[in-house]
Amino acid sequence: MDSIRRRSAGGILGILFLVLLRWAGAGDPYAYYEWEVSYVWGAPLGGVKKQEAIGINGQLPGPALNVTTNWNLVVNVRNGLDEPLLLTWHGVQQRKSPWQDGVGGTNCGIPPGWNWTYQFQVKDQVGSFFYAPSTALHRAAGGYGAITINNRDVIPLPFPLPDGGDITLFLADWYARDHRALRRALDAGDPLGPPDGVLINALGPYRYNDTLVPPGVTYERINVDPGRTYRLRVHNVGVATSLNFRIQGHNLLLVEAEGSYTSQQNYTNMDIHVGQSYSFLLTMDQNASTDYYVVASARFVPDADKLTGVAILHYSNSQGPPSGPLPDAPDDQYDTAFSINQARSIRWNVTASGARPNPQGSFHYGDITVTDVYLLQSMPPELIDGQMRATLNGISYIAPSTPLMLAQLFNVPGVYKLDFPNRPMNRLPKLDTSIINGTYKGFMEIIFQNNATSVQSYHLDGYAFFVVGMDYGLWTDNSRGTYNKWDGVARSTIQVFPGAWTAVLVFLDNAGIWNLRVENLDAWYLGQEVYISVVNPEDSSNKTVLPLPDNAIFCGALSSLQKEQSHRFQYSEASQITQLWKMVFFMAWLALW
């Protein structure tokens, strides 16, 4: 989308504002960003009719956050939409800082015309992540961008530093209807149906087929040099579709999944499910007589041929456009066996260092005693009180007007209940604000049982969990005999196949109230989520959760605490860093001259 990908004056300023300074008295740098979220227009699948999308500083994908372990980020977000907005930092654990998580259980939405300043540290993390809106199906319209957390210099990578640098790709299914129309369909009880296309970096497909792709579609071209190796970071930021990713004539050497270094394996293609992120090493080892196809095609849906995103890998010495058919997808479009076996093959690199010098595998998760077990069962959407809703254990989550974290801090009664059942109940489904009562520093086993009809992805904020098991059928206690208790990968988003289960283990050492949700936006919108409350009972001095930010927005039962329009078109005062920001602004202004 040319109109979406243009770099506005705000985008230039956003780059200039990426000024790295050491804060007096602290050892970890700060990175500052100034963003405006607004509607942009484009026609990524071709045609003359443009549709509404969401950009940041006029761009989609939005500006990248490229930082290093333990850096502090200050992101001032101005909401130029006509609806409340929240951005969530997908995979960033927000250690001690649930106030910055950017979901409805922790934050009031940023009203239209207001700004809010996120301030958080990427503590003890490395890897490939992304940000995106968490509100009202906004992600279906865009609003996403990259978060790259680099290793500190003292921590070696478990592979040679790629001499070609980084390449980031966003894969997404795309609907010709805007996010408002998608919401109306779900509110009316209608399924969204299949998407209209697949985008790569918010652009439509290269015209690999004159029948399937109309002329004039703008596509992504990835420029590379022969002989070099690149780190390719790939994210599925779509609505609900699993995508198979592959590059003609090239292998994908998997090295990382959502912040964990993996055992290094070559793949010819990779199924990437909604909300998941991977990075691969990609070596330019072909003769480059032509360009090469980069493909993301829909899985487990009808008419997959029409749902194929295609970009171009262009060697600097290429002699012409790509030739031949697209590289093959897995043989059976509907067969999940290939995908589940591929998922099982992804293992943790137990000898590699992550964000800290000690090897990842020094945390022996398989030796820890489980304290809580939750079997979470999903079903196809069903009518509850006359509304089509999605559930976990028969409960469809209703978001209260007062965020859970604020209600907990101010002791607001009746907002939520700590009574979420740890297994499916033999009762009629219901609407409720029921959340899980987690044990601080407990070790929780979560089993996702997918009794719905499509592949689902689940994401947990605040943590990475260990993926220990995945199989068909109904989970039982005997299923634990199949668990991987040594090198199951630690990540934050995992797929669950229809008629199957996936089991994860998570150490609850990050106090707060954390969102556990299905990443498929239709089911998430219909209530398929829950929150986990993790409270340190011995924390009388509030050292395990940072204080409520000075710039907090209040809503619901606490609306009276909000200063009228106190955030409208101002830099919200997150802390004493405001004066430093003003100096950064002045330096950026000087740079313009």
Side-chain angles (χ1 to χ4, degrees), residues 86 88-94 98 101-107 129 132 134-135 139 258-259 273-276 370-379 389-400 403-405 408 416-424 432-440 442-452 455-468 470 475 490-496 501-535:
L86 286 172
T88 192
W89 317 93
H90 201 278
V92 176
Q93 294 175 12
Q94 304 290 0
D101 199 31
V103 291
T106 57
N107 300 86
F129 310 97
S134 66
T135 39
R139 196 178 82 200
E258 295 158 21
H273 305 276
V274 181
Q276 291 188 331
V370 169
T371 56
D372 300 282
V373 179
Y374 278 82
L375 174 59
L376 304 182
Q377 177 181 272
S378 63
M379 302 292 290
R389 300 289 297 183
T391 62
L392 287 173
N393 287 359
I395 297 176
S396 185
Y397 180 81
I398 293 294
L404 306 173
M405 281 289 296
Q408 182 187 74
Y416 63 89
K417 295 176 285 188
L418 287 167
D419 64 352
F420 192 88
N422 64 357
R423 63 181 61 86
D432 208 350
T433 309
S434 174
I435 70 175
I436 293 172
N437 189 8
T439 302
Y440 180 65
F443 203 52
M444 183 178 285
E445 178 184 12
I446 304 174
I447 304 101
F448 301 100
Q449 180 73 57
N450 184 357
N451 289 354
V455 179
Q456 298 177 335
S457 303
Y458 285 89
H459 176 82
L460 176 59
D461 287 351
Y463 296 97
F465 45 60
F466 297 95
V467 183
V468 294
M470 185 181 297
W475 182 91
R491 61 188 310 173
S492 59
T493 308
I494 192 60
Q495 69 271 35
V496 191
W501 56 267
T502 296
V504 303
L505 300 174
V506 58
F507 181 49
L508 299 180
D509 63 339
N510 191 16
I513 298 180
W514 301 104
N515 188 223
L516 175 61
R517 62 181 176 268
V518 69
E519 278 291 309
N520 308 60
L521 296 187
D522 49 355
W524 184 10
Y525 182 78
L526 295 176
Q528 196 166 312
E529 63 177 321
V530 67
Y531 283 81
I532 302 176
S533 175
V534 183
V535 176

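Quick caveat, the model's predicted, so the values are computed rather than measured.
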**Report entry** N/O donor-acceptor pair under 3.5 Å between Ser457 side chain and Glu519 backbone
**Finding:** no
Report task. Any chance you could lay out the side-chain hydrogen bond (donor to acceptor under 3.5 Å, both in side chains) test for Gln456 and Ser378, step after step, and finish with the verdict? Result -> CA-CA 9 Å; Gln456 298 177 335; Ser378 63; 3.0 Å; yes
Query raised in the report: Please, which pairs that meet salt bridge (Lys or Arg N to Asp or Glu O under 4.0 Å) have at least one residue in residues 455-464, sequence neighbours excluded?
Result: Asp461-Arg517
Query - Considering all heavy atoms, the nearest Ala390-Gln528 contact - result: CB-OE1, 3.4 Å
Query raised in the report: Gln94 and Asp101: side-chain donor and acceptor closer than 3.5 Å?
Result: no
Report task. Would you give the length of the straight line joining atom CG of Asn451 to atom CE of Met379, rounded to the nearest 0.5 angstrom? Result -> 5.5 Å
Report task. Show the numbers, then the answer: is there a side chain to side chain contact (heavy atoms under 4.5 Å, CB included) between Arg491 and Phe465? Result -> CA-CA 6 Å; Arg491 61 188 310 173; Phe465 45 60; 4.2 Å; yes
Query raised in the report: Using a distance-only test with no angle check, is there a side-chain donor-acceptor pair under 3.5 angstrom linking Asp372 and Thr439?
Result: yes
Query raised in the report: Quick one: are Tyr463 and Leu508 in side-chain contact, heavy atoms under 4.5 Å?
Result: yes
Query raised in the report: Looking at CG of Asn437 and OG of Ser533, how far apart are the two atoms once the value is rounded to the nearest 0.5 Å?
Result: 6.0 Å
Query raised in the report: Just wondering, do Leu418 and Ile435 contact through their side chains at under 4.5 Å, heavy atoms?
Result: yes
Report summary line: Output for pair (Tyr397 OH, Trp524 CH2), nearest 0.5 Å, gives 11.5 Å
Report task. Look at the side chain of Asn450 and the backbone N and O of Ala452, then say whether any donor-acceptor pair between them is shorter than 3.5 Å. Result -> yes
Query raised in the report: So do Pro424 and Leu375 actually touch side chain to side chain, heavy atoms under 4.5 Å?
Result: yes
Query raised in the report: So do Leu460 and Ser492 actually touch side chain to side chain, heavy atoms under 4.5 Å?
Result: no
**Report entry** Value rounded to 0.5 Å, distance of CH2 in Trp514 from CD1 in Ile532
**Finding:** 11.0 Å
Requested in this report: Please name the pair of heavy atoms, one in Pro98 and one in Gly512, separated by the smallest distance, quoted to 0.1 Å.
Outcome: CG-CA, 3.9 Å
Query raised in the report: Taking side chain as C-beta onward, heavy atoms only, is Leu392 less than 4.5 Å from Tyr458?
Result: yes
Query - Side-chain donor or acceptor of Asn107 paired with backbone N/O of Met405 under 3.5 Å - result: no
Requested in this report: Output all residues satisfying salt bridge (Lys or Arg N to Asp or Glu O under 4.0 Å) with Asp419, sequence neighbours left out; order by chain, then residue number.
Outcome: none
Report task. Could you pull out the closest heavy-atom pair between Tyr440 and Asn510, with the gap in Å? Result -> CE1-N, 4.5 Å
Query raised in the report: Gln495: what forms a side-chain hydrogen bond (donor to acceptor under 3.5 Å, both in side chains) with it, not counting sequence neighbours?
Result: Gln276
**Report entry** Note, Ile436 side chain near Tyr531 side chain (heavy atom, < 4.5 Å)
**Finding:** no
Query raised in the report: Is the shortest heavy-atom distance from the side chain of Val373 to the side chain of Ile447 under 4.5 Å?
Result: yes
Query raised in the report: Tell me, do Val274 and Arg139 make a side-chain contact under 4.5 Å, heavy atoms counted?
Result: yes
Query raised in the report: Once the angle between the rings of Phe443 and Phe507 is folded into 0 to 90°, is it parallel (under 30°), tilted (30 to 60°) or perpendicular (over 60°)?
Result: tilted
Requested in this report: Would you name the heavy atoms of Leu86 and Gly104 that are closest together and state the gap between them?
Outcome: CD1-N, 3.9 Å
Query raised in the report: Of all heavy-atom pairs between Trp475 and Glu445, which one has the smallest distance, and what is that distance?
Result: CZ2-OE2, 3.8 Å
Query raised in the report: Would Arg389 and Ile398 count as a side chain to side chain contact (heavy atoms under 4.5 Å, CB included) if you check the C-alpha gap in whole Å, the side-chain angles of each, and the deciding distance to 0.1 Å?
Result: CA-CA 10 Å; Arg389 300 289 297 183; Ile398 293 294; 3.7 Å; yes
Query raised in the report: Does the side chain to side chain contact (heavy atoms under 4.5 Å, CB included) test come out yes or no for His90 and Phe129, once each step is laid out?
Result: CA-CA 6 Å; His90 201 278; Phe129 310 97; 5.7 Å; no
Query raised in the report: So which heavy atom on Leu376 is nearest to which on Asn393, and how close?
Result: CA-OD1, 3.4 Å
Query raised in the report: Leu505 and Val370: side chain to side chain contact (heavy atoms under 4.5 Å, CB included), yes or no, with the steps?
Result: CA-CA 8 Å; Leu505 300 174; Val370 169; 4.1 Å; yes
